[in-house]
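The structure under discussion appears below in the form of structure tokens.
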Amino acid sequence: INAVDAALPAKPILRAVREALSTSRIARLKWDGNSDALKAKLKLATDELDSKAALAAEASGEQLEKSREMGHLHGQVELLQQQANEAIERERQLREQVLLAEEATRKAQYAHNEAKRQSNQSIEELQTQVAQLRSEVLELQEKPGHVVRRDHPKCACSIM
């Protein structure tokens, strides 16, 4: 706000604001991705705790056979939880890669547009200079008594 009040050029301020917004957007998306991953892990841990509590409540006379079965099932549950955790982490990494790629693409697009704008500006300046030089040449040609001298090298060919 102080920069706007100080009458600074608008384009650098716009560029700085655009960069700040982009950075905050990426930070927010990363935070959301991490938050979603942590929520999924928390849900898995809560579900596991609930199942263990239910198992403890069901402990009865048939405990020996059920404990074997439970051991087998518990191994499967742990394997599935490990796979789920790996999938959650992989998803988080892929989201972060997408965000970084989007940011790189945005920066490249901005650099491309800036280079295009500068080249167009240079072309316009050069066209203006050419037009000015042409008008100067026409003025010089129209002046009375002015001879346009064309310096051509004399031909040094010898024909036999």
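It should be emphasised that the depicted structure is a prediction, and the values quoted were computed from it without experimental measurement. Residue numbers start at 1 and run along the sequence shown. Just the heavy atoms: all of them, side chains too, but no hydrogens, waters or symmetry mates, feed the values below.
The distance from the OG1 atom of Thr128 to the CD1 atom of Ile123 is 11.5 Å, given to the nearest 0.5 Å. In this structure, Gln118 CD and Glu125 CD are separated by 10.5 Å, a value rounded to the nearest 0.5 Å. Annotation: the span from Thr46 atom OG1 to Lys41 atom NZ amounts to 14.0 Å, rounded to 0.5 Å. Here Leu42 contributes atom CG and Asp47 contributes atom CG; the two are 9.5 Å apart, rounded to the nearest 0.5 Å. Interatomic distance, Ile88 CD1 to Arg92 CZ, rounded to the nearest 0.5 Å: 11.0 Å. One distance of note links CG of Leu99 with CZ of Arg28; it measures 12.5 Å at 0.5 Å rounding.
Of the charged side-chain nitrogens involved, at least one lies within less than 4.0 Å of a carboxylate oxygen, so that Arg25 and Glu102 count as a salt-bridged pair. By the 4.0 Å N-to-carboxylate-O rule, Arg106 lies close enough to Glu19 to be salt-bridged with it. A salt bridge links Glu91 with Arg95: the distance from a Lys NZ or Arg NE/NH1/NH2 to an Asp or Glu carboxylate oxygen falls below 4.0 Å. Of the charged side-chain nitrogens involved, none lies within less than 4.0 Å of a carboxylate oxygen, so that Glu86 and Arg90 do not count as a salt-bridged pair.
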Between Val17 and Leu21, is a side chain to side chain contact (heavy atoms under 4.5 Å, CB included) present by the stated rule, with each step listed?
CA-CA 6 Å; Val17 168; Leu21 288 174; 4.0 Å; yes

Would His74 and Glu48 count as a side chain to side chain contact (heavy atoms under 4.5 Å, CB included) if you check the C-alpha gap in whole Å, the side-chain angles of each, and the deciding distance to 0.1 Å?
CA-CA 10 Å; His74 184 65; Glu48 180 183 0; 4.2 Å; yes

Tell me, with the steps shown, if Leu100 and Ile26 meet side chain to side chain contact (heavy atoms under 4.5 Å, CB included).
CA-CA 8 Å; Leu100 293 174; Ile26 287 176; 5.6 Å; no

Side chain to side chain contact (heavy atoms under 4.5 Å, CB included), that's the test. Do Lys116 and Asn120 meet it? Break it down for me.
CA-CA 6 Å; Lys116 186 176 179 181; Asn120 287 341; 4.0 Å; yes

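For the side chain to side chain donor-acceptor pair (under 3.5 Å) test, residues two or more places apart in sequence or in another chain that qualify with Gln109 are Asn113.
By the 6.0 Å contact criterion, CZ on Arg134 is open, its count of non-hydrogen atoms from other residues, nucleotides or ligands being 12 or less.
Checked by atom type and distance alone, the side chain of Ser35 never pairs as donor or acceptor with a backbone atom of Trp31 at under 3.5 Å. In terms of modelled atom types and a separation under 3.5 Å, the side chain of Ser22 and the main chain of Arg18 share no donor-acceptor contact.
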